[in-house]
Amino acid sequence: MSALSIRNVWIEYGSQVVLERVNLEIDAGAFIAIVGPSGCGKTSFLRLLLGQERPARGSILLDGKPMPDEPGPDRGVVFQRYSVFPHLTVLGNVLLGPELQSSPLLGRSFGRRRRALVERAHALLSEVGLGDSLHKYPAQLSGGMQQRLALAQALIRQPRVLLLDEPFGALDPGIRGEIHVLMRKLWKETGVTIVMVTHDLREAFLLGTRVVVFDRLRKLPTEAQRYGATISQNIAVHRRHVPGPGDDGIAANDSDRDDPIAVETPGRDDPTPTH
Amino acid sequence: MRRVMNMQPGRARWLLALLPFALIVMVYVVGSAQRRAENPSDKVLPPFGEMSSAIHRVAFEEDKRTGEYLFWSDTGASLERLAIGLSIATALALVLGLLIGLLPIGNAMFAPMTAVMSMIPPMAILPILFIVFGLGELSKVVLIIVGVAPCLMRDLVFTVGSLPREQLVKAQSLGASTWQVLIRVALPQALPRLIASLRLALGPAFLFLISAEAISADSGLGYRIFLLRRYLAMDTILPYVAWITLLAFLMDLALAQLSRRAFPWAHGAEPKA
């Protein structure tokens with residue numbers, strides 16, 4: 001069954017049509033990369049999936065039921081910026097989701113329950129390479145580290161769908177490569193369905209199982225107002241897998257999800273190991 | 001030779017800081033001595049010796065009429081009014097500021113009203129306060145609240161309103177209710193800013209306190225100054241002014257320290273592990 005089905009969705013701002021006739025079925029566990037020229041409504045589409053925006057026409061189903069029209073814990077999100085809370089430490093940021101869940105009134109947990117949550121958060125943070133930075137504030141982390149933190153923060157609530165809005169767009173190329181490896185690893189381990197907006201084609205084909213292209217089909221200036229962008233291509237990504245010594249071990253048990261470029265080695269954005 | 005704009009004070013910083021103070025004291029001493037030389041009973045610029053004996057009289061000797069140590073009872077009365085006024089103003093500003101800043105409905109309902117209310121000159125309604133609340137403590141406290149709360153609140157509305165939209169969406173995607181966003185996202189990020197604007201509000205708060213005391217009171221620092229003015233008692237008025245200044249300065253310092261301790265993230269400092 002589809003995790004998300006988008007049926008004939010239109011987005012309009014006043015008389016301006018931004019997106020039209022968008023139909024998309026997203027399988028559970030898929031990694032959808034959305035690309036397209038700027039201003040083609042990629043981000044509007046993601047805001048729609050978040051529930052920040054409502055479709056002018058059409059409907060969106062999440063696991064077969066109409067999707068709530070406000071953000072909720074079934075849809076996690078990582079933005080390019082402002083995804084983590086500056087007033088909470090690394091640990092506090094990851095604890096926030098579970099704490100909100102366990103205590104509706106105070107949004108905080110104490111004692112044994114808190115220790116259990118901390119343990120879970122610590123394990124996840126170690127996995128994303130932040131195990132040594134638990135008590136730092138986001139401002140003390142590099143951009144790449146902040147995005148790792150944002151991923152951990154979103155994933156600990158175990159959302160059905162993870163929405164990524166150009167999450168790695170502001171990072172240096174080297175750091176981006178490292179975080180791609182992490183992203184693939186987390187995606188395989190959690191089995192979460194991912195929808196990622198990016199303007200980096202290489203990234204889209206590297207990470208995605210499908211690459212969805214949004215574009216305006218009518219390009220005359222006189223038609224810009226009344227004709228929006230729509231899905232112009234929906235490409236399934238098949239990866240060739242060549243077993244060999246360079247294999248990173250993750251891809252070995254899943255031949256069509258091989259990752260030919262990214263290699264998992266400690267990079268300069270990784271915390272220096274402390275002994 | 002470097003440009004002046006690139007010169008750093010270095011170790012001479014303290015010396016440079018003290019210099020203007022020393023200059024003021026020197027000018028005063030010379031002026032005082034000169035006036036005394038011309039007129040031995042001059043009261044306008046009393047020498048430091050007279051000031052210290054005047055303070056000794058009010059601070060360490062019982063007042064013959066009331067049996068109180070005037071200096072300390074005045075200080076107590078003023079600080080009490082200030083503390084009550086500022087606490088209520090802060091609480092009010094916090095509640096309204098968060099409601100208006102975070103909730104579109106709260107904004108629609110209260111923002112226009114508070115925008116109008118904050119333009120009322122507080123001193124203009126002082127007579128109304130005296131009529132409505134009487135001449136007692138209440139009207140003085142209310143004046144401080146009316147004078148200080150609007151500024152605190154508007155600053156808070158601005159702070160909460162300028163939280164990145166992404167943060168609010170992110171919190172909701174972690175399952176936060178409106179209440180939880182309020183107490184776990186908006187409030188903690190508003191508090192350092194609230195303390196900063198409270199520091200700025202200390203000046204106006206003292207202004208309103210002393211104005212109210214000057215007009216109607218039976219104790220308080222402002223009351224004493226305005227009472228002693230009739231006797232030209234500069235030997236007591238000047239130390240009182242210095243004392244009020246010192247109190248305000250210490251409060252400002254304490255608030256700055258509090259903010260730095262409680263919200264290290266807002267000051268770019270290393271937290272305690």
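Within every chain, numbering begins at 1; the chains are lettered A, B, ... in the order of the sequence lines, protein sequences first and strands thereafter.
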Could you have a look at A:Ser83, A:Ala139, A:Pro159 and say which one has the most heavy-atom pairs with chain B under 4.5 angstrom?
A:Ser83
How long is the straight-line distance from OH of A:Tyr137 back to CZ of B:Phe263, given to the nearest 0.5 Å?
10.0 Å
Please name the pair of heavy atoms, one in A:Phe79 and one in B:Lys170, separated by the smallest distance, quoted to 0.1 Å.
CE1-N, 4.5 Å
With a cut-off of 6.0 Å (strictly less than), are more than 12 heavy atoms of other residues, nucleotides or ligands near CD1 of B:Ile105?
no
Which residues in residues 99-108 of chain A have any heavy atom closer than 4.5 Å to a heavy atom of chain B?
A:Glu99, A:Leu100, A:Ser103, A:Pro104, A:Leu105, A:Leu106, A:Gly107, A:Arg108
Between CG on residue B:Leu168 and OH on residue A:Tyr82, distance to nearest 0.5 Å:
12.5 Å
Within the distance-only criterion (no hydrogens, no angle test), does the side chain of A:His87 pair as donor or acceptor with the backbone N or O of B:Arg184 below 3.5 angstrom?
yes
Mind listing the closest non-hydrogen atom pair of A:Ala154 and B:Leu174 along with its distance?
CA-CD2, 4.4 Å
Taking everything shown except B:Met113 itself, do over 12 heavy atoms lie less than 6.0 Å from its CE?
yes
Check: B:Ser173 and A:Arg157 side chains under 4.5 Å, non-hydrogen atoms
no
Atom CZ of B:Phe249 with >12 non-hydrogen neighbours under 6.0 angstrom:
no
Would you say that more than 12 heavy atoms from the other residues, nucleotides or ligands in this model lie under 6.0 Å from the CD of A:Glu70, or not?
no
How long is the straight-line distance from CD of B:Gln172 back to CD of A:Gln52, given to the nearest 0.5 Å?
8.0 Å
